[in-house]
Student: 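Take a look at this one; I'll ask things after.
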Amino acid sequence: PSHDIGTLQTAGIITPNTTKEQVAGFLSVSHYTGAESAVAWYSGGVADTKQIDQFYQEGRYSQTQVRLIESSKASKTLVGG
């Protein structure tokens, strides 16, 4: 939700210097755990971080695929009509 990014910005996690890959990772964590839990995770206040770390990495990775997806969509030729 849109309030997730606001919570992460207020907590200083997402700033103007945060990369788009990091933003995607933080929003992925926030989506799966909730914004407050994402803040706690970022601050080191979560004991078991394995699953949350994976959400973060998956979100970051998703941004590495954007150019590939855009290239793929642009290369498709519609036949017929």
Student: Please report the shortest heavy-atom distance between T15 and T18, naming the atom on each side.
Tutor: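 Closest heavy-atom pair between T15 and T18: N-OG1, 2.8 Å.
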Student: How long is the straight-line distance from CD of Q57 back to OG of S28, given to the nearest 0.5 Å?
Tutor: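 Separation between the atoms: 10.0 Å.
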Student: Is it the case that T7 and T10 place a side-chain donor and acceptor less than 3.5 Å from each other?
Tutor: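 Not at all, the side chains of T7 and T10 share no donor-acceptor pair under 3.5 Å.
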Student: Look only at the side chain of S62 and the backbone of G59, and say whether a donor-acceptor pair between them is shorter than 3.5 Å.
Tutor: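 Side chain of S62 to backbone of G59: a pair is present.
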Student: Which pair of non-hydrogen atoms, one from D4 and one from A35, has the smallest distance, and what is that distance?
Tutor: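 For D4 versus A35, the nearest heavy atoms are OD1-CB, 3.6 Å.
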Student: Would you give the length of the straight line joining atom CD1 of I14 to atom CD of Q22, rounded to the nearest 0.5 angstrom?
Tutor: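 Result: 9.5 Å between the selected atoms.
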Student: I'd like to know if the side chain of S30 and the backbone of F26 have a donor-acceptor N/O pair within less than 3.5 Å.
Tutor: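 Not confirmed, S30 side chain does not pair with F26 backbone.
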Student: For Y61, which residues count as a ring pair (Phe, Tyr, Trp, His ring centres under 6.0 Å) partner, sequence neighbours excluded?
Tutor: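 Here no residue qualifies.
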Student: Going by atom type alone, with no hydrogens or angles, which donor-acceptor pairs under 3.5 Å involve a side-chain atom of residues 39-52 and a protein atom two or more places apart or on another chain?
Tutor:
unit_1: W41; atom_1: NE1; unit_2: D53; atom_2: OD1; d: 2.8
unit_1: S43; atom_1: OG; unit_2: V39; atom_2: O; d: 2.9
unit_1: T49; atom_1: OG1; unit_2: D53; atom_2: OD2; d: 3.1

Student: For T33 versus A38, what's the shortest heavy-atom pair and its separation?
Tutor: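 Smallest interatomic distance, heavy atoms only, reads OG1-N, 3.6 Å.
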Student: Could you work out, with side-chain contact (heavy atoms from CB on, under 4.5 Å) as the rule, every residue matching Q54, not counting sequence neighbours?
Tutor: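 Q54 satisfies side-chain contact (heavy atoms from CB on, under 4.5 Å) with E58 only.
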Student: Supply the atom-to-atom distance Q63 CD to L27 CG, rounded to the nearest 0.5 angstrom.
Tutor: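 Here the interatomic distance stands at 9.5 Å.
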